[in-house]
Participant: 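Please read through the structure below; I'll follow up with questions.
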Amino acid sequence: MDLLTRIKGPRDLDRLSLGELDRLAEEIRTFLVDAVSKTGGHLGPNLGVVELTIALHRVFESPRDKVLWDTGHQAYVHKLLTGRQDFSRLKSKGGLSGYPSRAESDHDVIENSHASGVLGWADGMAKANEVLKKDDHVVAVIGDGALTGGMAWEALNNIAAAKDRPLVIVVNDNERSYAPTIGGLANHLATLRTTDGYERFLARGKDLLERTPVVGRPLYDTLHGAKKGLKDFIAPQGMFEDLGLKYVGPIDGHDIEALESALQRAKRFGGPVIVHCLTEKGRGYTPALEDEADRFHAVGKIHPDTGLPISTSGLDWTSVFGEEMVKLGEEREDIVAITAAMLQPVGLGKFEAAFPDRIYDVGIAEQHGAVSAAGLATGGLHPVFAVYATFLNRAFDQVLMDVALHKCGVTFVLDRAGITGTDGASHNGMWDMSILQCVPGLRIAAPRDADQVRAQLREAVAVDDAPTVVRFSKGAVGPAVKAVGKAGGMDVLREPKTDARPDVLIVSVGALAPMCLEIADLLDAQGISSTVVDPRWVKPVDEALAPLAERHRVVVTVEDNSRAGGVGSAVAQALRDAGVDVPLRDFGIPPVFLDHASRGEVMAEIGLTAPDIARQVTGLVAKLDGRFESRAAEPARD
């Protein structure tokens, strides 16, 4: 790591020869495999952008020039070249974020980990430069997978309208987002990749031209930037140029010299330019290259030599859903599945294998996915759209106005709901139950264990006149939590150990059921009796909840969602509507963006743990007791 340790900032790259830059690239790949195998993280994407990142920082002057990444999971090499080489606590509390972070460095401009937004950022920054008469450059690096998102094309439409506004768009084309990129854009890029006559023509003459004194290198650069007529004859890149965007490429994304040449020409152009770079996801690491599913897009802790996981966890929520989907597919021919470029991460790989003609990958286009689902439902099918909870935020209008307004039977399955932890602020699925509360007719299920995932998924797909949502957590699913009784449609998980009026009704939401039972145990040790119920379906609020609440002195809700507008708020409104005047305390996630850390560390930091909640509930009950005692001690009034 001799060269890498000498890089304290991007300008240290300027002193290196081409041969040293190639050695540096090898050192970076060795570092990434060694470091990420210890911590987990996005390995494959970063192995693919080593030379591209080096070339970017050689040609542009960050942080004066703004280099933006979409998505930010491919910015590990950028971190290394901007002085951040301690990866020992990557994605852990107190360590480096897995994405660009303004708190870490002036070189990180935007903290994006949702795809397809970078071109909008770049458009705005380029406009700001124009108004303020600044001459620094804006460079947007966007993966070919992110180009499947509609926001990217909305931005391109605006970028192309200003032919003299400098902006460099680098398309990192590795044929993949998580899995292979699909759709019409992917087919067009594939045409550009496979129609290599133009670059092959240049390559054949490159050595000869460079040996030609005086005019050789300038002539090569001229040919490399040839006008549209010659390029269209050899390579059909016309889609971009028809938009009004200068196109350069395709460029070998692992040839630093070719990359620098292309980027220098784009930098000098004075208008919007697309530089199309061909890279290989997982490059230089055999286990990643042999992983056809996603080229080690994201890994846990692995053995660096073999790429095999160091330890295996128990059954996880995603797998339970995936297996039940296959069973449903076998039973019902109208069940179809939708994914937004995340087939494996959301557990639909087995469904695809079993029913390849009944699954649709819409690319990174959640809005389109939701509307397409409405169309599928209207056409007589029941679509199940599996997506990370945080990514459904982007399709709220479509859920509201296309699916719900039309009473379409669509099931949204939200993976990674609640606190996910290590991926940081953008990936916590902490908004879905708040955002979706206001959607008329929509129903939300929050399963507490694997058995309930199976049961509630089946209940959801049985609804054909309204949207349904099934949300569950990230990671391993614990043992089954058995019900001891029923109250309306709710499961009673614990009954009070007294015939007198119980003190506390605990409303447990989803995966927090074991915590709520622990809270009940802690309260019981303080002489405070409690009932624990799992609503199962948290929207709408079960009609049996109000009369049950009325039989208790205090109601407590516990949810893995924002307190603002969440289940606690819905329960409080339901009690008010029913005329039940019982104190209610809602526990959940505060309305703040949470720093990256483990799920347990985040929950401890925000006080969403059994001891913290039990302590506060004990205090609340004590205040009630004090109030009643003080009233009893007051003298009678005439």
Participant: Any Lys/Arg nitrogen of K79 or E104 sitting under 4.0 Å from an Asp/Glu carboxylate oxygen of the other?
Facilitator: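 E104 and K79: salt-bridged.
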
Participant: Can you confirm whether more than 12 heavy atoms, excluding those of K163, are under 6.0 Å from its NZ atom?
Facilitator: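 Counting neighbours around NZ of K163, more than 12 heavy atoms of other residues, nucleotides or ligands fall under 6.0 Å, so yes.
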
Participant: Apply ring pair (Phe, Tyr, Trp, His ring centres under 6.0 Å) to F87 and list each qualifying residue two or more places apart in sequence or on a separate chain.
Facilitator: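 F87 satisfies ring pair (Phe, Tyr, Trp, His ring centres under 6.0 Å) with F31, Y76 once adjacent residues are dropped.
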
Participant: Side chains of I274 and V168: does their closest heavy-atom pair fall under 4.5 Å?
Facilitator: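 Counting from C-beta outward, I274 and V168 never come under 4.5 Å.
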
Participant: Start with the C-alpha distance between D612 and T609, add both sets of side-chain angles, then the distance that settles side-chain hydrogen bond (donor to acceptor under 3.5 Å, both in side chains), and finish with yes or no.
Facilitator: CA-CA 5 Å; D612 287 323; T609 68; 2.8 Å; yes

Participant: Test H73 against every option in H78, H42, H427 by the ring pair (Phe, Tyr, Trp, His ring centres under 6.0 Å) rule and name the one that passes.
Facilitator: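 Running ring pair (Phe, Tyr, Trp, His ring centres under 6.0 Å) over H78, H42, H427 with H73 returns exactly one hit, H42.
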
Participant: Could you verify whether a donor N or O on one side chain and an acceptor N or O on the other, from D108 and S101, lie under 3.5 Å apart?
Facilitator: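 No, no side-chain donor-acceptor pair sits under 3.5 Å.
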
Participant: So Y285 and L43, do their side chains get closer than 4.5 Å, heavy atoms only?
Facilitator: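 Yes, close enough: below the 4.5 Å cut-off.
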
Participant: For E601 and S598: C-alpha separation, side-chain torsions, deciding distance, then whether side-chain hydrogen bond (donor to acceptor under 3.5 Å, both in side chains) applies.
Facilitator: CA-CA 5 Å; E601 287 171 333; S598 71; 3.2 Å; yes

Participant: Is it true that the side chains of E280 and N174 contain a donor and an acceptor less than 3.5 Å apart?
Facilitator: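 Not at all, the side chains of E280 and N174 share no donor-acceptor pair under 3.5 Å.
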
Participant: If I take atom CG from residue N172 and atom OG1 from residue T279, how far apart are they, to the nearest 0.5 angstrom?
Facilitator: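 OG1 of T279 is found 3.5 Å from CG of N172.
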
Participant: Got a salt bridge between D12 and R15, using NZ or NE/NH1/NH2 to carboxylate O under 4.0 Å?
Facilitator: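 A salt bridge links D12 with R15.
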
Participant: Give a yes-or-no answer on whether the side chains of S319 and D316 include a donor-acceptor pair shorter than 3.5 Å.
Facilitator: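 Checked: S319/D316 side chains pair up, N/O donor to acceptor below 3.5 Å.
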
Participant: Can you check whether R84 reaches L80 side chain to side chain, under 4.5 Å on heavy atoms?
Facilitator: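 The answer is no, as the side chains (C-beta and beyond) never meet within the 4.5 Å cut-off.
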
Participant: Taking atom types as modelled, is there a side-chain donor on D415 or T318 under 3.5 Å from an acceptor on the other?
Facilitator: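 D415 vs T318: donor-acceptor pair found between side chains.
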
Participant: State which residues pass salt bridge (charged side-chain N to carboxylate O under 4.0 Å, His left out) with R64; sequence neighbours excluded, sorted by chain then number.
Facilitator: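 Residues passing salt bridge (charged side-chain N to carboxylate O under 4.0 Å, His left out) with R64: D135.
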
Participant: State whether the number of non-hydrogen atoms from other residues, nucleotides or ligands found under 6.0 Å of D14 atom CG is greater than 12.
Facilitator: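 Counting neighbours around CG of D14, more than 12 heavy atoms of other residues, nucleotides or ligands fall under 6.0 Å, so yes.
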
Participant: Mind checking the CG-CG spacing from L24 to L16? Nearest 0.5 Å is all I need.
Facilitator: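 The distance works out to 6.5 Å.
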
Participant: Between atom NE2 of H254 and atom CG of L52, what is the distance when rounded to the nearest 0.5 Å?
Facilitator: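 Nearest 0.5 Å value for the NE2-CG distance: 9.0 Å.
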
Participant: So that I can tick it off, tell me whether D560 and R599 are bridged by a salt bridge, with the cut-off set at under 4.0 angstrom between side-chain N and carboxylate O.
Facilitator: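 A salt bridge links R599 with D560.
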
Participant: Is the closest side-chain donor-acceptor distance between S434 and N561 under 3.5 Å?
Facilitator: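 Yes.
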
Participant: Answer yes or no: is there a side-chain heavy-atom contact under 4.5 Å between V170 and L56?
Facilitator: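 Yes; the side chains approach each other to less than 4.5 Å.
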
Participant: Strictly below 4.0 Å, N to O, side chains only: are E605 and K93 in salt-bridge contact?
Facilitator: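 Between K93 and E605 there is a salt bridge, with a charged N closer than 4.0 Å to a carboxylate O.
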
Participant: Is it true that R58 and E260 make a salt bridge, defined as a side-chain N closer than 4.0 Å to a carboxylate O?
Facilitator: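 A salt bridge links R58 with E260.
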
Participant: Side chains of V299 and S37: closer than 4.5 Å at any heavy-atom pair?
Facilitator: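 Result no, sub-4.5 Å side-chain heavy-atom pair not found.
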
